[in-house]
Amino acid sequence: SVVATDANDQPLNIQFSNTYTRAEGTGEIDGEKILTGRNLIDGEFTFVLNGTGLATAPSAHNAADGSFTVQLPTYRYDPAIDDDDKDADVIYLTATEQTFNYTLVEDTSALPAGVTHSFPAQSFPVKVVVTYTLGNGSLSVVATDANDQPLNIQFSNSFTVDVTFSKVAAGQTEELEGATLTVRDENGNVVESWESDGSVKVLQLTAGEYTMIEDQAPLGYDVAETIT
């Protein structure tokens, strides 16, 4: 006869137990909006995270202090889930560690009046590493730049106003030729210098105080007073 027992000669009672753990997590991307020329207005700029696998591109608007936060999508580790049961707005991991590459951009399609951006428009690569830890069932979401360094996101724009400068004789409306004119900012720096050609001069200026100086008058005219 063949008899199997446990180590204490007791009947065998064998049970293997495991726990199936689902886990999910998300994260945030913080950035800053810098506007030269005037104060920021809450919510006037939009920032969008683009990349593959995103059902909806996450976006955010700036606060009045320039800060903004983009919420990353929800990532979930649930390998036993049926495709029919998956949430369309959730990204499901296919391995215990996955890397997702995104690009954060500013929506330049509807910038406020007078605001310009650099060409090409700024963009920031964002690398998100999602890790599921076997054993404790935790899920970590870490966002860095493309070189695994902490993110340092700053979008910069300038606000300018079209200002028209005109050179006419006193009491007249016809533009004069031959005057040498200079516009300086409030610190005395030269913004633009030109010789009048019979047409107005339009400059794009940021908010501040400017002075127009006539360095040389047209032939036969006295030098005009400085205008601030």
Side-chain angles (χ1 to χ4, degrees), residues 1-34 40 42-109 120-156:
S1 65
V2 179
V3 179
T5 64
D6 65 15
N8 298 313
D9 299 323
Q10 300 300 310
L12 290 170
N13 182 20
I14 299 173
Q15 292 181 331
F16 289 97
S17 298
N18 296 85
T19 300
Y20 179 77
T21 303
R22 301 174 181 86
E24 69 177 37
T26 185
E28 296 178 341
I29 299 171
D30 294 324
E32 181 182 12
K33 176 65 180 180
I34 299 173
L40 281 163
D42 182 68
E44 65 178 331
F45 294 97
T46 303
F47 310 93
V48 181
L49 188 69
N50 294 321
T52 57
L54 294 171
T56 303
S59 63
H61 300 285
N62 67 285
D65 64 359
S67 63
F68 66 88
T69 299
V70 177
Q71 183 71 46
L72 289 171
T74 298
Y75 303 92
R76 185 175 297 166
Y77 181 80
D78 189 0
I81 192 172
D82 293 329
D83 288 341
D84 293 339
D85 296 329
K86 290 183 177 180
D87 189 329
D89 293 326
V90 173
I91 295 179
Y92 290 86
L93 301 187
T94 58
T96 55
E97 180 174 296
Q98 279 186 253
T99 298
F100 301 88
N101 293 302
Y102 305 115
T103 302
L104 185 64
V105 300
E106 180 179 44
D107 182 1
T108 58
S109 63
Q122 290 177 282
S123 64
F124 294 87
V126 177
K127 177 181 177 181
V128 176
V129 178
V130 184
T131 305
Y132 174 78
T133 302
L134 296 171
N136 62 18
S138 64
L139 194 75
S140 68
V141 180
V142 179
T144 64
D145 67 13
N147 298 312
D148 300 320
Q149 299 301 308
L151 290 168
N152 181 22
I153 296 173
Q154 291 183 329
F155 287 94
S156 299

Could you tell me whether the side chain of [Y] reaches within less than 4.5 Å of the side chain of [X], counting heavy atoms only?
X: F124; Y: N152; value: no
X: L54; Y: P73; value: yes
X: F100; Y: V130; value: yes
X: V70; Y: V126; value: no

Results of side chain to side chain donor-acceptor pair (under 3.5 Å) for Y102 - residues two or more places apart only: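 If we apply the side chain to side chain donor-acceptor pair (under 3.5 Å) test to Y102, skipping adjacent residues, the hits are Y75.
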For T69, all residues meeting side chain to side chain donor-acceptor pair (under 3.5 Å), sequence neighbours excluded: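 Testing T69 for side chain to side chain donor-acceptor pair (under 3.5 Å), a comparison that skips the adjacent residues, returns D30.
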Can you name the nearest heavy-atom pair linking [X] to [Y], along with the distance?
X: I81; Y: D78; result: CG2-O, 3.0 Å
X: S59; Y: V48; result: CB-CG2, 4.1 Å
X: A143; Y: V128; result: CB-CG2, 4.1 Å
X: L40; Y: G66; result: CD1-CA, 3.5 Å
X: D85; Y: Y92; result: O-OH, 4.3 Å
X: N50; Y: A57; result: OD1-CB, 4.0 Å

With sequence neighbours left out, which residue pairs that include part of [range] fulfil the salt bridge (Lys or Arg N to Asp or Glu O under 4.0 Å) condition?
range: residues 57-77; value: E24-R76
range: residues 129-150; value: K127-D148
range: residues 88-99; value: none
range: residues 44-62; value: R38-E44

When you measure from the side chain of T74 to the backbone N and O of T26, does any donor-acceptor pair fall under 3.5 Å?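 Checking the backbone N and O of T26 against the side chain of T74, no donor-acceptor pair under 3.5 Å is found.
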Does the Q71 side chain pair with the main chain of G27, one donor and one acceptor, at a distance under 3.5 Å?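 Answer holds: yes.
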Distance-only donor-acceptor check, side chains Q122 and S156, under 3.5 Å: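 Checked: Q122/S156 side chains show no N/O donor-acceptor pair below 3.5 Å.
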To the nearest 0.5 Å, what is the distance between [atom1] on [X] and [atom2] on [Y]?
X: T96; Y: L139; atom1: OG1; atom2: CG; answer: 10.5 Å
X: I29; Y: L49; atom1: CD1; atom2: CG; answer: 5.0 Å
X: E32; Y: I153; atom1: CD; atom2: CD1; answer: 11.0 Å
X: E28; Y: L151; atom1: CD; atom2: CG; answer: 12.5 Å
X: T46; Y: E106; atom1: OG1; atom2: CD; answer: 8.5 Å
X: S138; Y: Y132; atom1: OG; atom2: OH; answer: 8.0 Å

For this output row, return yes or no: ring centroids of F155 and F45 closer than 6.0 angstrom.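 Distance test on ring centres: not under 6.0 Å, no.
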Could you point out which residue of D82, D84, D83 forms a salt bridge (Lys or Arg N to Asp or Glu O under 4.0 Å) with K86?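 When D82, D84, D83 are each tested with K86, the salt bridge (Lys or Arg N to Asp or Glu O under 4.0 Å) holds only for D83.
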